[in-house]
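Shown next, in structure tokens, is the structure this report addresses.
Not measured: the values here are computed from a predicted model.
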Amino acid sequence: MPDSVLRHVVLFGFKESSKPEEVQAVIDAFKALPSQISEIKGFEWGTNSSPEGLNQGLTHAFTLTFHSDADRDAYLPHPAHKAFGGIVGPHLDKVTVVDYWTKP
């Protein structure tokens, strides 16, 4: 494990018209990516539980871990990631992505 890792944080807000089973299908498809893309070294997800009310409509958070910029850069155009985009796209109202290198 390297001293510092690259975190790729993805925040989704879903359309009000998306049904719970459609949102779950998106989650399941995202959760499957680490088994399809070897460059993903870690994956976590959850739903917003902050009482502050500052989430601006973003309800689902996903964090992917990479060990290098090259690994992240291989993930972005990967066919499995592109296919996931086709699954999530029709249901997205909002999306935010932030990448950062961890610091001690």
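Counting heavy atoms of neighbouring residues, nucleotides and ligands inside a 6.0 Å radius, atom NZ of K15 exceeds 12 of them. The 12-atom threshold is not exceeded at CD of E16, counting heavy atoms of other residues, nucleotides or ligands nearer than 6.0 Å. Remark: Q36 CD is packed, more than 12 non-hydrogen atoms of other residues, nucleotides or ligands lying under 6.0 Å away. Shown here is D28, whose CG atom has more than 12 heavy atoms of other residues, nucleotides or ligands within 6.0 Å. Within 6.0 Å of CD on Q56 lie no more than 12 heavy atoms contributed by other residues, nucleotides or ligands.
Counting heavy atoms from C-beta outward, D99 and R72 have side chains that approach closer than 4.5 Å. Looking only at side-chain heavy atoms (C-beta outward), F62 and L11 stay at 4.5 Å or farther from each other. Annotation: side chain of T96 is in contact with side chain of L58 (closest heavy-atom distance under 4.5 Å). Within the 4.5 Å cutoff, the side chain of F43 has no heavy atoms near those of the T63 side chain. Within the 4.5 Å cutoff, the side chain of V97 has no heavy atoms near those of the V9 side chain. No side-chain heavy atom of D73 sits less than 4.5 Å from a side-chain heavy atom of F66. Using a 4.5 Å heavy-atom threshold, the side chains of D93 and F12 count as separate. Using a 4.5 Å cut-off on side-chain heavy atoms (C-beta onward), K41 and V5 make no contact.
Judged by distance alone, with hydrogens and angles left aside, the side-chain atoms of T47 form no donor-acceptor pair with the main-chain N or O of T59 at under 3.5 Å. Between the side chain of K94 and the backbone N or O of F14, no donor-acceptor pair lies under 3.5 Å. In terms of modelled atom types and a separation under 3.5 Å, the side chain of S4 and the main chain of W101 share no donor-acceptor contact.
L92 and W45 fall within the same hydrophobic cluster, defined by Ile, Leu, Val, Met, Phe, Trp and Tyr side-chain heavy atoms under 4.5 Å apart, directly or through other members. Hydrophobic clustering (side-chain heavy atoms under 4.5 Å, transitive across Ile, Leu, Val, Met, Phe, Trp, Tyr) groups L76 together with I87.
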Check: Should F30 and L64 be marked as a side chain to side chain contact (heavy atoms under 4.5 Å, CB included) after you check the CA-CA gap, both sets of side-chain angles, and the distance that decides it?
Finding: CA-CA 10 Å; F30 211 159; L64 288 76; 3.7 Å; yes
Checklist line | Trace of the side chain to side chain contact (heavy atoms under 4.5 Å, CB included) decision for H60 with I27 | finding: CA-CA 9 Å; H60 290 67; I27 294 166; 3.7 Å; yes
Next item on the list: Check step by step if side chain to side chain donor-acceptor pair (under 3.5 Å) holds for R7 and T65.
Entry: CA-CA 5 Å; R7 302 279 195 221; T65 300; 2.6 Å; yes
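Taking the six-membered ring for Trp, Y75 and H8 have ring centres closer than 6.0 Å.
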